[in-house]
There are 2 protein chains.
Amino acid sequence: MPDTFLDKDTPANRFARAREAQAAALLEDYVEMIGDLTAELGEARVADIAERMNVSQPTATKSIARLKREGLATSRPYRGVFLTDEGARLADRVRARHRTVVAFLVRMGVPEEIAELDAEGIEHHVSQVTLSAFEAVLKGEDPA
Amino acid sequence: MPDTFLDKDTPANRFARAREAQAAALLEDYVEMIGDLTAELGEARVADIAERMNVSQPTATKSIARLKREGLATSRPYRGVFLTDEGARLADRVRARHRTVVAFLVRMGVPEEIAELDAEGIEHHVSQVTLSAFEAVLKGEDPA
DNA sequence: TGATAAGTATAGCTATGGCTATATTTCGTG
DNA sequence: CACGAAATATAGCCATAGCTATACTTATCA
């Protein structure tokens with residue numbers, strides 16, 4: 001499994017790697033949100049996506065176009081947005097990772113609300129190895 | 001103290017907040033690196049900055065221009081780059097935070113190398129509250 | 001000292017991810 | 001069913017952050 005979900009290959013140094021993770025982050029957020037909206041409302045509409053992401057509707061449309069290009073979502077003009085199988089799998093992994101990071105931070109003594117805020121940025125940079133370490137801590141196999 | 005070092009105000013939701021943190025991240029990295037180079041070599045040259053950041057020289061020049069605009073660094077044409085007092089203070093905080101995040105991840109059982117890689121992305125999204133929680137864990141006040 | 005090498009700046013391109021304004025389509029309802 | 005409201009798309013703008021190619025300065029050394 002790759003370190004970040006959308007990575008293809010491993011970049012040269014830590015800065016290049018962080019840049020790649022960042023590029024994937026936005027797509028990950030959109031995919032997760034579209035998954036959430038679909039589960040809640042049966043479909044993900046552009047207006048709802050834009051509202052939850054706190055961006056304007058044209059910005060959401062543009063990002064959705066990118067999701068489609070990347071094979072993560074589909075949509076027809078003036079219709080809702082849906083995840084492809086690949087998009088849905090990605091959404092599941094992103095959601096699980098998010099939950100793990102939040103739970104871990106809370107376990108470390110971070111207040112729920114702040115954990116939620118910080119996790120939003122942190123989660124996209126947590127490698128599989130680190131995620132497993134977090135899970136181990138949560139399971140009580142405390143390494144400290 | 002602000003959650004992220006360059007923040008002015010608090011954005012609307014977690015996504016907007018993560019976007020702000022990301023905008024600050026690049027500047028933080030440059031400032032830290034310029035501080036490192038100055039300490040090591042007496043001055044920070046554009047070519048060295050570019051090499052360490054793994055970007056081309058013109059890209060480094062452009063980012064340095066932004067640092068100057070933001071009042072974090074100074075430079076004269078064809079000469080080295082130097083941090084302002086504000087830049088130097090920021091560099092110190094960024095460096096300390098980076099060390100804390102790496103040490104914390106290592107304590108959680110993450111291998112040193114991976115901790116270093118992940119920290120590069122994570123550190124920019126760790127709020128002061130979360131950072132304090134990490135420090136507490138490192139001091140042995142284990143909350144688990 | 002003056003030619004060349006090394007370092008820096010500038011021009012100009014790309015893509016991303018924001019935005020507002022406006023056109024277009026779909027939907028709901030009188 | 002047709003009209004107005006709501007939703008979506010499109011056009012066109014901005015800044016950032018990357019790149020290559022090239023111009024210009026500075027520095028070195030024969």
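Chain naming here is simple, since letters A, B, ... match the order of the sequence lines and numbering starts at 1 in each.
Per the geometry, OH belonging to B/Y30 stands 13 Å off P belonging to D/dT16, to the nearest Å. One can place CD of B/E43 at 12 Å from C1' of C/dT8, the figure rounded to the nearest angstrom. Regarding A/R76, its CZ atom lies at a distance of 13 Å from the C1' atom of C/dT25, rounded to whole Å. As a whole-Å value, the separation of B/N13 CG from C/dG18 P is 11 Å. Atom CD in B/E51 sits roughly 14 Å away from atom P in D/dC19 (whole-Å rounding). Look at CG on A/D48: it is 7 Å from P on D/dT8, rounded to the nearest Å. If you measure from atom CD of B/E20 to atom P of D/dT16, you get 14 Å, rounded to the nearest angstrom. Atom CG in A/N54 sits about 9 Å away from atom P in C/dC19, given to the nearest Å.
Using modelled atom types and a 3.5 Å distance limit, the side chains of B/E32 and B/H98 yield no donor-acceptor pair. With hydrogens and angles left out, the side-chain atoms of B/K68 and B/T74 include no donor and acceptor closer than 3.5 Å. In this structure, a donor-acceptor pair under 3.5 Å is absent between the side chains of A/H125 and B/E123.
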Short N/O separations, protein against nucleotides 25-28 of chain D, under 3.5 angstrom:
| unit_1 | atom_1 | unit_2 | atom_2 | d |
| --- | --- | --- | --- | --- |
| D/dT25 | O4' | B/Y78 | OH | 3.3 |
| D/dT26 | O3' | B/R79 | NH2 | 3.2 |
| D/dA27 | OP1 | B/R79 | NH2 | 2.2 |

Output one line per pair: protein atom, nucleotide atom from nucleotides 14-17 of chain C, and distance, for all N/O pairs under 3.5 Å.
| unit_1 | atom_1 | unit_2 | atom_2 | d |
| --- | --- | --- | --- | --- |
| C/dT16 | OP1 | A/R69 | NH1 | 3.4 |
| C/dT16 | O3' | A/R66 | NH1 | 3.4 |
| C/dG17 | OP1 | A/R66 | NH1 | 2.9 |
| C/dG17 | OP2 | A/R66 | NH1 | 2.4 |

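The stretch residues 34-42 of chain B has no heavy atom under 4.0 Å from DNA chain D, so no residue of it qualifies as close.
No donor-acceptor contact under 3.5 Å links the side chain of A/Q57 to the base of D/dA7.
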Worksheet entry | Worked verdict on A/R17 versus B/E113 for salt bridge (charged side-chain N to carboxylate O under 4.0 Å, His left out) | CA-CA 13 Å; A/R17 187 174 169 284; B/E113 261 188 37; over 6 Å; no

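Applying the side chain to side chain donor-acceptor pair (under 3.5 Å) criterion to A/E135, with sequence neighbours excluded, gives no partner residue. In this structure B/F15 satisfies the ring pair (Phe, Tyr, Trp, His ring centres under 6.0 Å) test with no other residue, sequence neighbours excluded.
Cluster partners of B/V106, by chain and number: B/V102. The rule joins Ile, Leu, Val, Met, Phe, Trp and Tyr whenever side-chain heavy atoms lie under 4.5 Å apart.
A sub-4.0 Å separation between OP1 or OP2 of C/dA9 and a side-chain N or O of B/T61 is present.
Between B/I49 and B/M33, the closest heavy-atom pair is O-SD, 4.3 Å.
Salt bridge annotation for A/R79-A/E43: absent, with no cationic side-chain nitrogen under 4.0 angstrom from a carboxylate oxygen. A salt bridge links B/R95 with B/D92: at least one charged nitrogen is closer than 4.0 Å to a carboxylate oxygen.
Taken together through direct or relayed side-chain contacts under 4.5 Å among Ile, Leu, Val, Met, Phe, Trp and Tyr, B/Y78 and B/L41 form parts of separate hydrophobic clusters.
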